[in-house]
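Below: the structure, in structure tokens.
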Amino acid sequence: MPRRLAEPPVRLDRSDPTPLTAQLSGALREAMSSGALRAGERLPSSRTLATQLGVSRTVVTDAYQQLYAEGWLDGRHGSGTFVTEHEPLPRPSGQGPQGARTGSAPRTERLRDRPSREELRRSGTVNLLPGAPWVRDHDRAALRRAWRHAAEHPPSDDPDPRGLPGLRALLAEHLRRTRGVRVGPENVLVTRGTGNGLDLVGAMTGAEAAPGARVRAGVEEPGYGKARTILAARGAEIVPCPVDHDGIRPGDLPEDLSVVYTTPAHQYPLGGRLPLPRRERLLAWARRTGALVVEDDYDAEFRYDVAPLPALYGLDPERVVLLGTLSKTLDPDLGIGWIVAEPDLLHRLARVRAELSDRTSGPVQAATALLLERGDLDRHLRRMRLEYARRRALIVEHLGPRIGGDTAGLHVLLSLPEEAVAPVIAAAAEEGVLVEDTSRTSHGAPTVHGLVIGYGSAGRTELRRACEVLARAVERHAGG
Ligand SMILES: Cc1ncc(COP(=O)(O)O)c(C=O)c1O
């Protein structure tokens, strides 16, 4: 009796990083173990299946070979490829066909535990996760000019670990103008961003600690989770330092910290701007204890209603290291930031950097220098300040009284009763709006409950819709 020719239920996804062969063998394995393909059924020839799926024949022959080797398929030359006798395997709970697609083949490890921003955009999800700027309206001509300029950058076999002198001078000038600090190129080291800068500070404090001693690093609580991760990865013991709606509380700082990480311009995530008297007390504490204050100056460029305070660094350059970045003002993919410090400290950081063979790409620095020199960065900042102010106004209009931390930056905090947080996130997700709670900002159990809403990567139309969805969800689960 001729055996039935199967039509394998296979769908390949070219945007999936899993190789097509592994996707195909996984899908067939899944179909066989679930019973969708039964013992004795004949699979299409490799040529036919390749044509049906629009892949090369090698993809199919390799997948068949793998399944022969695993004993799922049997074949006699010339008579076709058949599914062998086997016990259907129980499907692991919660695992749908997509999850099981690669079956027992090694799954490609994904870096993210959720879809990328691009995938979210394509699926029509409004993404309100914090941490991303608007990257869809850049001045293309300015960028092209910058990259053409970078192409002329000569190769170097001995790059300065502090970065290109020209860019350091331009950054110093930018910071003098925008952050009220008196600095020159001797105070600037060009990093790949805040994370890179903090990592170098962590490496330096670790290297300079007494033998056998462990660096105790204070981090705001709640605070920037990556700061904890980076310092801990450099061997520091993380000491949570409480904040309130104005920012860090110097009176609560322990006396034995080597370093404290803080966000005085716009506390992450509560959004406070550290008042001047507290700045003075923080610095007095640092002078007394000998601790180094790491000022993450992110978001200082985007400020609404109230004027920015000059950077903490300007009040006591001996005790403060300032970290800045273009990740939020221009493009996180560029990988440019800076450390500002006194020359001696900067020198120690540069030495550690050279030891670690860490650097910022010369051509990327050259492109950035042109963007600063020609005023492109300033123009972009002016445009984005206006745009973000409008988005922020939209959020306040819809979600008003529960919103905090909205005087700067690209995110706000929406406070909620603890029990309402999960239902509001779920209700929003059901209507295609992605938000996250405060859990990633806490070292221990969250003390502040609500949502950290980022509005950097949602345009005004989608943001308005998202705000309406959130307002309804909050009304339903937290009583408005
Ligand atoms: C508190 C804080 N600091 C710094 C950054 C930027 O970090 P990087 O320059 O490493 O991209 C972010 C980005 O979300 C942030 O939230």
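Numbering starts at 1 and runs along the sequence shown. First listed ligand is number 1; within each ligand, the first listed atom is number 1.
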Notebook entry, point to check: Is there any N or O on Tyr298 that sits under 3.5 Å from an N or O of ligand 1?
Noted result: no

Margin query: Would you say that more than 12 heavy atoms from the other residues, nucleotides or ligands in this model lie under 6.0 Å from the CZ of Arg288, or not?
Written below: yes

Notebook entry, point to check: If hydrogens are left out, which of Asp296, Thr194, Val452, Leu326 has an atom nearest to atom 3 (N) of ligand 1, that is, the closest non-hydrogen atom?
Noted result: Asp296

Note to self: Do Arg391 and Trp134 form a cation-pi contact, if we require the NZ or CZ to be under 6.0 Å from the six-membered ring centre and within 45 degrees of the ring's axis?
What the structure shows: yes

Margin query: Among all protein heavy atoms in this structure, tell me which lies nearest to atom 12 (C) of ligand 1, with the distance rounded to 0.1 Å.
Written below: Tyr224 OH, 3.4 Å

Check: Which residue from Ser327, Ala227, Gly197 reaches closest to atom 11 (O) of ligand 1 through any of its heavy atoms?
Finding: Ser327

Item checked: Lys328 neighbourhood, listing ligand 1 atoms whose heavy-atom distance to it stays under 4.0 Å -> 13 (C), 14 (O), 16 (O)

Item checked: Closest protein heavy atom to atom 10 (O) of ligand 1, given as residue, atom name and distance to 0.1 Å -> Gly195 N, 2.9 Å

Check: Counting only heavy atoms, which portion of Lys226 has something under 4.0 Å from ligand 1: side chain, backbone, both, or neither?
Finding: neither

Next item on the list: Give the ring-plane orientation class for His174 versus Trp338, where under 30° counts as parallel, over 60° as perpendicular and anything between as tilted.
Entry: perpendicular

Notebook entry, point to check: Tyr298 vs His411 aromatic rings, parallel, tilted or perpendicular, using cut-offs 30° and 60°?
Noted result: parallel

Notebook entry, point to check: Does one side chain, of Thr125 or Asn127, offer a donor that lies under 3.5 Å from an acceptor on the other?
Noted result: no

Note to self: Using the rule side-chain hydrogen bond (donor to acceptor under 3.5 Å, both in side chains), only one of Arg319, Arg179, Glu295, Glu342 pairs with Tyr313; which is it?
What the structure shows: Glu342

